[in-house]
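Contents: one structure, followed by commentary.
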Amino acid sequence: GAVVSQHPSRVICKSGTSVKIECRSLDFQATTMFWYRQFPKQSLMLMATSNEGSKATYEQGVEKDKFLINHASLTLSTLTVTSAHPEDSSFYICSASDRAKGYTEAFFGQGTRLTVV
Amino acid sequence: DAKTTQPPSMDCAEGRAANLPCNHSTISGNEYVYWYRQIHSQGPQYIIHGLKNNETNEMASLIITEDRKSSTLILPHATLRDTAVYYCIVRVNTGNQFYFGTGTSLTVIP
């Protein structure tokens with residue numbers, strides 16, 4: 001199956017700093033990628049839809065100025081958590097679908113564990 | 001929002017078939033049923049999807065009722081590595097978002 005890679009897999013940052021997470025589709029083109037957040041023992045919650053070459057679409061309740069999304073190419077989307085606070089500590093996961101296959105499946109990255117201290 | 005209902009947890013003996021149910025009574029005619037699973041601290045893994053016919057692949061079988069209001073994922077011979085949270089998702093098959101429900105935590109017991 002198609003491969004989606006996230007980097008880094010784990011990051012610890014100080015409160016007030018910003019953290020960037022990368023999501024790459026390694027062997028297919030993804031005009032749309034999705035970012036999720038998952039708190040312990042909870043399900044994945046969709047944060048935003050990342051569109052190549054245009055602004056991201058955020059789910060209700062997600063602060064667009066805090067979670068900056070850039071999707072500059074067909075294989076890369078980035079999520080920047082700005083001015084991070086301990087409550088932003090979570091598991092962040094991206095996903096992408098293959099345009100050539102009609103977006104029938106979503107392939108997920110391995111996730112990024114963010115800890116804000 | 002998730003449009004599915006699943007039992008929160010299930011156990012299954014190793015080597016036996018695991019049957020995971022899902023209710024999606026408000027499913028629309030153009031929505032597919034997808035199944036993903038998530039092993040602890042990893043990204044979700046695709047298992048199978050279908051519209052109205054039963055589907056089978058190397059991982060599992062998907063049985064969808066004739067009225068499409070419910071489905072069952074079958075792992076024919078469960079192994080310890082199948083212990084995971086299994087998510088049933090309904091979605092229009094055109095690149096729309098996946099909304100995850102609470103899923104079923106399956107524990108395969110030796």
Side-chain angles (χ1 to χ4, degrees), chain A residues 1-7 9-10 21 23 25 28-52 56-62 90-115, chain B residues 1-10 20 22-24 30-53 55 57-60 62 73 83-107:
Chain A
V3 178
V4 173
S5 177
Q6 271 185 252
H7 178 81
S9 58
R10 291 178 177 270
I21 302 169
C23 178
S25 56
F28 66 96
Q29 293 182 331
T31 54
T32 305
M33 292 185 176
F34 304 97
W35 287 96
Y36 294 82
R37 179 169 53 181
Q38 185 176 33
F39 292 108
K41 298 188 183 302
Q42 295 187 22
S43 185
L44 286 77
M45 291 186 60
L46 181 65
M47 298 174 65
T49 301
S50 170
N51 303 300
E52 187 264 339
T57 304
Y58 291 82
E59 295 294 302
Q60 189 173 8
V62 177
S90 187
F91 192 51
Y92 292 87
I93 308 169
C94 70
S95 75
S97 295
D98 190 341
R99 181 175 64 173
K101 295 183 179 179
Y103 304 110
T104 53
E105 296 175 33
F107 299 97
F108 288 80
Q110 71 271 36
T112 297
R113 177 75 59 190
L114 170 63
T115 303
Chain B
D1 291 329
K3 297 174 62 174
T4 61
T5 304
Q6 298 176 252
S9 63
M10 293 180 62
L20 292 91
C22 179
N23 287 325
H24 31 78
N30 61 346
E31 288 182 316
Y32 287 67
V33 179
Y34 281 77
W35 283 84
Y36 279 78
R37 72 180 182 184
Q38 184 180 27
I39 297 171
H40 183 62
S41 294
Q42 297 182 22
Q45 176 191 22
Y46 168 82
I47 301 174
I48 199 168
H49 76 282
L51 182 62
K52 55 183 178 181
N53 296 323
E55 302 288 344
N57 62 21
E58 64 278 5
M59 290 183 67
L62 173 61
L73 178 74
T83 292
V85 178
Y86 288 76
Y87 294 100
C88 169
I89 303 165
V90 296
R91 168 185 179 261
V92 176
N93 202 22
T94 55
N96 287 0
Q97 298 86 336
F98 283 83
Y99 290 98
F100 286 76
T102 54
T104 295
S105 178
L106 175 69
T107 302

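Every value quoted in this text rests on a predicted model; they were computed, and no experiment measured them. Basis for what follows: all heavy atoms, side chains included, without hydrogens, waters or symmetry-related copies.
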Worksheet item: In this structure, are over 12 heavy atoms from other groups packed under 6.0 Å from B/M10 atom CE?
Response: yes

Item to complete: Can you measure from CE (A/M47) to CD (B/Q97) and round to the nearest 0.5 angstrom?
Response: 14.0 Å

Worksheet entry | Step-by-step ring-ring contact (aromatic ring centres under 6.0 Å, His included) determination, B/F100 to A/F108 | CA-CA 13 Å; B/F100 286 76; A/F108 288 80; 5.7 Å; yes

Item to complete: For A/E59 and B/Y99, work out which heavy atoms get closest and say how close.
Response: OE1-OH, 3.1 Å

Worksheet entry | Choice from A/I93, A/V4, A/L46 maximising heavy atom contacts with chain B below 4.5 Å | A/L46

Practice prompt. Name the region of B/S105, side chain, backbone, both or neither, that has any atom closer than 4.5 Å to a heavy atom of chain A.
Written response: neither

Worksheet item: What residue pairs, at least two apart or across chains, pass side chain to side chain donor-acceptor pair (under 3.5 Å) with a residue in residues 33-42 of chain A?
Response: A/W35-A/S77, A/Q38-B/Q38

Worksheet item: Do A/S43 and B/Y87 come within less than 4.5 Å of each other through their side chains, counting heavy atoms only?
Response: yes

Worksheet item: Is it the side chain or the backbone of A/L44 that comes within 4.5 Å of chain B heavy atoms, both, or neither?
Response: both

Item to complete: Would you please name every residue forming a side-chain contact (heavy atoms from CB on, under 4.5 Å) with A/T57, sequence neighbours left out?
Response: A/T49, A/N51

Worksheet entry | Spacing of B/F98 atom CZ and A/S97 atom OG [to the nearest 0.5 Å] | 6.0 Å

